[in-house]
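Have a look at the structure below before the remarks.
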Amino acid sequence: MPRVHLVTTGGTIASRVDPKTGAAVPAVRAEELVADVPALGRVAEIAVTEFCLESSWNLGPDRIAALARAVRDLQADPEVTGVVVTHGTDTLEETAFALDLLLDGDTPVVLTGAMRDASTAGTDGPRNLVSAARIAVEPSARGLGVLVALNDELHAARCVMKTHTTALGTFASPGVGPLGWVDGEGVRVHARPARTPTLPLAPPEPRVYLVKMASGMDDLLLRAILEAGARGVVIEGSGAGNVCGSWEGAIGALVQAGTPVVLSSRCPGGRVTPTYGAPGGGRRLRDLGVIAAGALSGPKARLALMFALGAGLDGAALRAYFDRLAG
């Protein structure tokens with residue numbers, strides 16, 4: 001049989017309700033998670049590594065880098081057909097994207113999780129886990145980059161996002177759609193997008209911040225970032241990439257200080273385009289030296305900037321990388 005290596009990190013798929021508090025907490029160990037889903041044994045031989053047992057909002061970029069190193073080693077093992085990573089859904093899209101930035105092997109890497117904890121009737125964890133394993137052994141999934149599989153859909157890490165706080169069908173790829181589906185007859189892959197340009201696996205630069213634009217906000221946060229000597233900042237602008245006109249001075253000062261400023265959009269779909277010339281408009285921001293993030297969300301653009309800076313990219317090399325990433 002093919003061999004799938006399961007790497008567990010915790011999250012709702014590994015959580016149960018504590019009877020004392022009524023709150024769901026990570027409690028299901030890796031071996032127990034596999035034992036509770038006997039259908040996995042009909043898909044592949046399963047090996048297990050428990051990376052951690054955490055809620056996903058507590059997994060930062062340093063831990064993601066360590067996870068990437070562990071998964072990279074598994075990809076290099078010729079006996080491993082595919083790798084499945086279980087993860088909490090709150091930040092699953094961020095971890096999946098960071099792994100996509102850092103891994104360049106063809107062995108499938110599939111992230112999955114659950115919206116209902118293991119002690120809740122109708123939990124979706126077992127079905128998602130089986131679907132992820134089926135994708136991990138599917139020949140057509142090779143070379144697709146890091147994938148996300150929930151609710152019988154297959155998504156590219158670069159495009160997918162959590163769109164609803166509690167719904168089972170929360171994961172979607174706005175403007176793009178899923179790469180394929182899992183059904184009773186197998187795995188159907190109907191799209192093969194270009195691979196995400198990868199980065200060397202180096203420790204991420206921690207002092208990179210995300211600022212979301214809202215109507216009428218002043219530039220306090222940007223000035224604080226400048227005064228603190230941050231290494232980078234990502235701005236989630238409105239529409240096609242615009243900010244309050246009063247921010248231009250702080251943005252220009254950040255660029256002049258050598259602090260990269262990357263611009264994404266707070267819209268769930270579409271890409272940043274330098275269209276407008278009014279104060280704060282995208283065309284003026286481009287002329288100030290701001291780097292466009294293409295269709296990346298703010299959290300994903302932040303991870304790309306953190307790992308690019310950690311890999312030593314700066315100046316023209318950094319801009320060229322984001323041009324490739326946004327292309």
Side-chain angles (χ1 to χ4, degrees), residues 1-9 11-14 33-48 56 71 74-75 80-89 92-93 95-97 99-100 103 105-118 120-164 166-193 195-196:
M1 293 187 75
R3 183 177 184 183
V4 169
H5 203 109
L6 175 65
V7 182
T8 65
T9 69
T12 298
I13 194 170
L33 186 66
V34 173
D36 287 344
V37 189
L40 282 172
R42 296 193 289 274
V43 176
E45 175 190 345
I46 305 295
V48 182
S56 66
V71 173
L74 292 172
Q75 282 188 301
V80 174
T81 308
V83 180
V84 172
V85 180
T86 58
H87 198 283
T89 59
L92 186 150
E93 66 200 69
T95 296
F97 176 67
L99 293 178
D100 204 31
L103 301 174
D106 287 338
T107 301
V109 177
V110 187
L111 274 73
T112 193
M115 292 300 293
R116 296 173 179 167
D117 66 80
T120 297
T123 179
D124 53 323
R127 185 180 182 91
N128 287 339
L129 192 53
V130 172
S131 292
R134 291 173 70 188
I135 294 166
V137 302
E138 169 60 38
S140 63
R142 291 186 61 83
L144 281 177
V146 176
L147 304 169
V148 171
L150 288 97
N151 203 38
D152 291 337
E153 292 185 341
L154 172 63
H155 293 268
R158 185 171 175 174
C159 304
V160 74
M161 66 186 305
K162 188 174 183 178
T163 65
H164 192 282
T166 58
L168 293 184
T170 180
F171 282 90
S173 297
V176 178
L179 299 182
W181 295 268
V182 182
D183 59 27
E185 294 188 351
V187 178
R188 306 295 182 186
V189 176
H190 72 86
R192 301 191 71 85
R195 291 285 295 266
T196 299

Do [X] and [Y] come within less than 4.5 Å of each other through their side chains, counting heavy atoms only?
| X | Y | answer |
| --- | --- | --- |
| Phe171 | Met161 | no |
| Val71 | Leu103 | yes |
| Pro108 | Glu138 | no |
| Asp36 | Leu33 | no |
| Leu6 | Leu129 | yes |
| Val110 | Val83 | no |
| Arg134 | Arg42 | no |

Once you round to the nearest 0.5 Å, how far does [atom1] of [X] lie from [atom2] of [Y]?
| X | Y | atom1 | atom2 | result |
| --- | --- | --- | --- | --- |
| Gln75 | His5 | CD | NE2 | 12.5 Å |
| Thr112 | Asp124 | OG1 | CG | 8.0 Å |
| Glu93 | Cys159 | CD | SG | 11.5 Å |
| Ser131 | Leu154 | OG | CG | 10.0 Å |

The single option from Leu144, Val146, Val7 passing side-chain contact (heavy atoms from CB on, under 4.5 Å) against Val109 | Val146

Scan Ile135, Leu111, Val160, Val189 and name whichever one has a side-chain contact (heavy atoms from CB on, under 4.5 Å) with Leu147.
-> Ile135

Ion pair Arg195/Asp106, N-O distance below 4.0 Å = yes

If we ignore hydrogens and angles and just use 3.5 Å, is the side chain of [X] paired with the main-chain N or O of [Y] as donor and acceptor?
| X | Y | value |
| --- | --- | --- |
| Arg142 | Ala136 | no |
| Arg158 | Ala96 | no |
| Thr89 | Gly113 | no |
| Glu153 | Gly180 | no |
| Thr81 | Arg3 | yes |
| Arg116 | Gly122 | yes |
| Ser56 | Leu92 | no |
| Asn128 | Asn151 | yes |
| His190 | Pro178 | yes |

Of all heavy-atom pairs between [X] and [Y], which one has the smallest distance, and what is that distance?
| X | Y | result |
| --- | --- | --- |
| Thr86 | Thr8 | OG1-CA, 3.1 Å |
| Thr107 | Val80 | CG2-O, 4.0 Å |
| Ile13 | Ala118 | O-CB, 4.3 Å |
| Pro2 | Val43 | CG-O, 3.7 Å |
| Gly145 | Asp100 | CA-OD1, 3.6 Å |
| Thr9 | Gly88 | OG1-N, 4.5 Å |

Does a donor on one side chain and an acceptor on the other come within less than 3.5 Å for Thr12 and Asp117?
-> no

Residues Met115, Thr170; criterion side chain to side chain contact (heavy atoms under 4.5 Å, CB included); working and verdict | CA-CA 9 Å; Met115 292 300 293; Thr170 180; 3.6 Å; yes

Check the pair Asp183, Asp152 against side chain to side chain contact (heavy atoms under 4.5 Å, CB included), reporting the backbone distance first and the verdict last.
-> CA-CA 7 Å; Asp183 59 27; Asp152 291 337; over 6 Å; no

